[in-house]
Amino acid sequence: QALSTPLSRPPLELVSQRLPTTMAAAAAAATPLGGSSALRRQRRQGAGRSSSRERMASTYLALLCLATLGRGAQSWATNGHERIARIAQDLLKGKHRDQLRSMMHGDLVGLADWEQKMTLKYPETATLHFHRQEPEWTCAGLRDAAPDLQHLGDKSGHIKCDGHLAEEGSLYCAMAYFFEHFAHDTLLRDFPKPELPIDTPKKLDAIRNIPASDQTPSNYLRWLTGLIGDLHQPLHWLKEKDYGRELKLIYKDREYTLFQFWEEEIPKLLPNPPAGSDYSKTLDHRYGSEASRWGHKLPTEHFREWAKQVAEATCTQVYSAMEVNHADGTRSIDNPFRADDALIQKWTNLANEFTAVGGIRLAFVLNEILEHKKHKAAHKEGRGVHHRHRNWKTNLGTNAFIAAIVVPLTLFGLRFHLQLGGPGLMQFMRGHLKT
């Protein structure tokens, strides 16, 4: 039987570099034979119809090349994003769902394919959807590497946007960048300072040349929701083997790359979420339990904790399940690798959990953004708004300390004023009232 071979996919770093060259090549390919002299003769003869056909062919081929390059950089396919969005949307209640629909200019489920469309439109944004660090980390067994490089980020598995533990235009830093566009500085100060700085980038080079008409708050929020979905696709966290594109996987006599299988096929295998109120209650209960635990840290801190969890699963549940142990103690992965039903079921269960928790986490982050939006509006109007993280006992102690200093000083000042012959408070008030 013939194998279905996927398109060859270029490394992410080359997409933006190759695009102009590819478009130019497409235009050159559409030019008729005969060289410049033939073209000059055509112009002299006024062959406008032929020139029009050339331009149409050039444009068509350029767009075709653009679509082909974009396929190599697509993120967690629409099915995966839609599943995460549907869970998050079910967890957003009442006015919160309406407020987010207004902010995003659409609902979460309806925008599940927006990220993919934007990557096709602006291929340079493909880099936002994947983790990169310098030097790159790897899983134990994939290649020889120092112990410090056998896990994500630093020795604790944490990352920050310092160009080393995470490049500024990579997945974690892009999430932090887009989230902080909706954060209120005053509210951020109510949270404990992170032990490891976030170092959120001031700008993202990947969106630098995108027109202002596409750099809107609604689009920033759409990007953030898509990136949170990508966070839960394990292969997005490990650049080894070009995020799995260099590994061929054969399942039921069909050939894929490992990346393609996780990106496109695994979401199709996920079971439909159970219908009925019991499942909704279970989700609500899980969301309430997690949100109460998450509410005492910045979402940007949670992003890296979640990244650490998914990255660990990339090694322990994806790559290690493919490894073969040899007599000399080494391990390797066959290429192509033949997957059986048991392994695919294991991966499907993992993806099912990650899409479920991804939806819960997305709902939490969106609710946090609504909270920041409310505080921004109140601050602008000079009103205070209670936040769950504010400690009323601490605030009471602060006010009592201020009062312990200000009140005695005020009374002492009034007493001193009276001793100097100035009118007393009651005398001043009687005189004022008579006037």
Side-chain angles (χ1 to χ4, degrees), residues 10-19 70 72-76 115 118-119 121-138 148-149 151-183 185 188 193-212 214-217 219-240 242-243 297-311 314 365 369:
L12 286 173
E13 296 89 334
L14 300 181
V15 172
S16 58
Q17 297 174 10
R18 287 178 54 181
L19 182 61
Q74 65 184 348
S75 56
W76 191 233
E115 179 185 85
M118 289 299 282
T119 306
K121 187 176 181 181
Y122 303 111
E124 61 271 27
T125 64
T127 58
L128 300 177
H129 306 289
F130 297 83
H131 175 70
R132 297 181 308 284
Q133 66 179 64
E134 182 59 40
E136 293 291 344
W137 73 285
T138 188
D148 286 348
L149 292 178
H151 51 70
L152 180 74
D154 65 12
K155 61 182 180 181
S156 300
H158 289 145
I159 49 180
K160 64 177 180 176
C161 304
D162 61 353
H164 168 55
L165 298 177
E167 290 187 12
E168 291 186 349
S170 57
L171 178 53
Y172 171 68
C173 303
M175 286 190 292
Y177 176 84
F178 288 124
F179 172 79
E180 291 198 2
H181 272 75
F182 299 95
D185 290 341
L188 290 178
K193 187 176 180 180
E195 293 182 9
L196 183 69
I198 307 296
D199 290 344
T200 303
K202 302 298 182 185
K203 58 184 178 62
L204 294 177
D205 287 341
I207 64 173
R208 180 182 54 191
N209 296 323
I210 293 178
D214 274 337
Q215 292 203 47
T216 60
N219 279 1
Y220 277 17
L221 190 52
R222 293 177 184 186
W223 254 311
L224 178 60
T225 59
L227 294 172
I228 292 174
D230 293 334
L231 186 159
H232 295 88
Q233 208 279 48
L235 295 178
H236 282 238
W237 288 103
L238 180 58
K239 191 179 179 182
E240 187 79 23
D242 192 17
Y243 302 99
K297 282 186 178 181
L298 293 167
T300 43
E301 282 199 85
H302 291 304
F303 292 162
R304 64 180 166 207
E305 291 291 342
W306 301 338
K308 180 181 177 181
Q309 294 169 11
V310 179
T314 306
V365 173
I369 286 174

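On a predicted model such as this, the values are computed, not experimentally measured, just so you know.
In this structure the side chain of Lys308 reaches within 4.5 angstrom of the side chain of His158, judged on heavy atoms. Under the 4.5 Å side-chain criterion, counting only non-hydrogen atoms from C-beta, Met175 is not in contact with Val365. Counting heavy atoms from C-beta outward, Glu115 and His129 have side chains that approach closer than 4.5 Å. Between Arg208 and Lys203, every side-chain heavy-atom pair lies at or beyond the 4.5 Å cut-off. The shortest distance between side-chain heavy atoms of Glu167 and Thr127 does not fall below 4.5 Å. Within the 4.5 Å cutoff, the side chain of Ile228 has no heavy atoms near those of the Thr225 side chain.
Here the CG-CZ distance, from Leu224 to Phe179, works out to 8.0 Å after rounding to the nearest 0.5 Å. Gln133 contributes atom CD, which lies 9.0 Å from atom CG of Leu238 (distance to the nearest 0.5 angstrom). Atom-to-atom distance recorded for Thr138:OG1 and Lys239:NZ is 12.5 Å, nearest 0.5 angstrom. Note: Ile198 CD1 to Glu180 CD = 7.5 Å, rounded to the nearest 0.5 Å. Atom CG in Asp154 sits 8.5 Å away from atom NE2 in His164 (nearest 0.5 Å). Note that CG of Leu165 is 9.5 Å distant from CG of Asp199, once rounded to the nearest 0.5 Å.
For Thr314 (side chain) and Pro234 (main-chain N/O), a donor-acceptor pair under 3.5 Å exists by modelled atom type. Without hydrogens or angle criteria, Trp237 side chain to Leu231 main chain gives a donor-acceptor distance under 3.5 Å. For the pair Gln233 (side chain) and Leu235 (backbone), a donor-acceptor distance under 3.5 Å is present.
The shortest heavy-atom contact between His131 and Ile159 is CE1-CG2, 4.0 Å. The shortest heavy-atom contact between Leu128 and Ala206 is CD2-CB, 3.8 Å. Here the shortest heavy-atom pairing between Asn219 and Asp214 reads ND2-O, 2.9 Å. Considering every non-hydrogen atom in both Lys160 and Pro197, the closest pair reads CB-O, 3.1 Å. Listed here is the closest heavy atom pair of Leu298 and Pro194: CD1-CG, 4.1 Å. Counting all heavy atoms, side chain and backbone alike, Ala311 lies closest to Trp137 at O-CH2, 3.6 Å.
Ring planes of Phe303 and Tyr172: perpendicular class, angle over 60° (limits at 30 and 60°). A parallel orientation is assigned to the rings of Phe130 and His236, their planes being inclined by less than 30° (bins at 30° and 60°).
Residues meeting the ring pair (Phe, Tyr, Trp, His ring centres under 6.0 Å) test with Tyr177, sequence neighbours left out: His181.
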What verdict does the side chain to side chain contact (heavy atoms under 4.5 Å, CB included) test give for Lys121 and Ile210, after you've listed the backbone C-alpha separation in whole Å, the side-chain angles of each residue and the deciding distance to 0.1 Å?
CA-CA 10 Å; Lys121 187 176 181 181; Ile210 293 178; over 6 Å; no
